[in-house]
S.K.: 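Following this message is one structure expressed as structure tokens.
When a residue number appears, it is its place in the shown sequence, counting from 1.
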Amino acid sequence: MDTARKPYTRDAAAVRAWRLVREPFTARTWRRVAYALLAVPVGLVSLPVALLGGRRAGRWQRGLVRRFLGVELPGSSRGALHALLSLPPNLVVAVVTLYGWSVVPMNIGWPLRGGDPATAWGGPTLAGAWAFHAVVGGVGFLLLMPWLGRALGALQLRLATALLARP
């Protein structure tokens with residue numbers, strides 16, 4: 001029996017753990033965040049433009065998908081339909097994205113927010129409360145938000161593909 005390990009083989013669990021830790025710092029994650037935040041204003045501007053007969057609305061929305069989600073959608077003239085139907089889900093995605101990413105610095109800098117550490121989670125000491133908030137709220141959300149953004153981005157992409165791509 002050969003017990004020698006092959007060079008450059010990695011443990012699958014270590015690869016998954018590294019991917020989990022690395023994901024918040026990738027460009028792909030931040031492009032999804034940018035799309036989540038820009039989809040609402042672009043949709044709001046595209047809606048009246050499309051209703052007035054402009055074909056630019058669909059181009060703007062397809063360009064946003066291409067630039068930030070990396071998918072090329074063939075053109076169609078359903079920019080108004082996409083702007084109207086995608087506005088509510090895009091608004092929810094933007095709120096979840098803004099809140100989720102704001103929790104990270106808010107909890108890492110917990111002592112700057114003020115408050116009584118005796119009644120805070122992790123208290124009664126300042127060090128305990130800060131550690132709890134930094135680990136659970138700061139690092140926890142830092143690791144969670146890219147994966148939540150990936151799921152929400154997939155929903156947005158599915159909606160954009162269904163409404164903006166030619167049938």
S.K.: Would you say F132 and L126 are hydrophobically clustered, going by side-chain heavy atoms of ILVMFWY under 4.5 Å?
M.R.: no
S.K.: What do the steps show when you test F68 against R32 for side-chain contact (heavy atoms from CB on, under 4.5 Å), and what is the final call?
M.R.: CA-CA 6 Å; F68 293 108; R32 281 192 300 265; over 6 Å; no
S.K.: Output the distance between atom CG (L152) and atom CH2 (W147), rounded to the nearest 0.5 Å.
M.R.: 14.0 Å
S.K.: Indicate yes or no: does E23 engage R28 in a salt bridge with an N to O separation below 4.0 Å.
M.R.: yes
S.K.: Working to the nearest 0.5 Å, report the span between CG of L20 and CG of L144.
M.R.: 9.5 Å
S.K.: Does any part of the side chain of L87, heavy atoms only, come nearer than 4.5 Å to the side chain of L44, both counted from C-beta?
M.R.: yes
S.K.: Considering only heavy atoms from C-beta outward, does the side chain of L143 approach that of P24 to under 4.5 Å?
M.R.: yes
S.K.: Within a 6.0 Å radius of atom CH2 on W101, are there more than 12 heavy atoms belonging to other residues, nucleotides or ligands?
M.R.: yes
S.K.: Are V33 and V104 connected in the hydrophobic side-chain network, where two residues link if heavy atoms are under 4.5 Å apart?
M.R.: yes
S.K.: Is F141 linked to V93 within one hydrophobic cluster, defined over Ile, Leu, Val, Met, Phe, Trp and Tyr using a side-chain heavy-atom separation of less than 4.5 Å?
M.R.: yes
S.K.: For residues N107 and G138, report the shortest heavy-atom separation together with the two atoms involved.
M.R.: CB-N, 3.6 Å
S.K.: At what distance, to the nearest 0.5 angstrom, does CD of Q61 lie from CG of N90?
M.R.: 9.0 Å
S.K.: Which atom names give the shortest non-hydrogen contact between S46 and A83, and what distance separates them?
M.R.: CB-CB, 4.2 Å
S.K.: Under a 4.5 Å side-chain heavy-atom rule over Ile, Leu, Val, Met, Phe, Trp and Tyr, are V40 and V42 clustered together?
M.R.: no
S.K.: Mind listing the closest non-hydrogen atom pair of A36 and T97 along with its distance?
M.R.: CB-OG1, 3.6 Å
S.K.: State, yes or no, whether a side-chain contact exists between P89 and L155 at a heavy-atom distance under 4.5 Å.
M.R.: no
S.K.: Could you tell me if the side chain of F25 sits less than 4.5 Å from the side chain of L142, heavy atoms only?
M.R.: yes
S.K.: Nearest 0.5 Å please: distance from the CG atom of L38 over to the CG atom of L64.
M.R.: 6.0 Å
S.K.: Is there a side-chain contact (heavy atoms from CB on, under 4.5 Å) between W121 and V136 once you walk through the steps?
M.R.: CA-CA 10 Å; W121 288 7; V136 174; 5.9 Å; no
S.K.: Looking at R113, I want to see if its CZ is surrounded by more than 12 non-hydrogen atoms of other residues, nucleotides or ligands under 6.0 Å.
M.R.: yes
S.K.: With rounding to the nearest 0.5 Å, note down the distance linking CG in L37 to CG in L98.
M.R.: 5.0 Å
S.K.: Test side-chain contact (heavy atoms from CB on, under 4.5 Å) on Y35 and L157; report intermediate values, then the result.
M.R.: CA-CA 10 Å; Y35 182 82; L157 180 60; over 6 Å; no
S.K.: How far does CE of M145 sit from CZ of R150, to the nearest 0.5 angstrom?
M.R.: 13.5 Å
S.K.: side-chain contact (heavy atoms from CB on, under 4.5 Å) between R66 and V71: does it pass, once the steps are laid out?
M.R.: CA-CA 5 Å; R66 180 181 57 251; V71 175; over 6 Å; no
S.K.: V65 and A160: which non-hydrogen atoms are nearest, and at how many Å?
M.R.: CG2-CB, 3.8 Å
S.K.: Are Y99 and V92 co-members of a hydrophobic cluster defined by side-chain heavy atoms under 4.5 Å apart?
M.R.: yes
S.K.: Indicate the ring-plane relationship of W110 and H133, choosing parallel, tilted or perpendicular according to the 30° and 60° boundaries.
M.R.: parallel
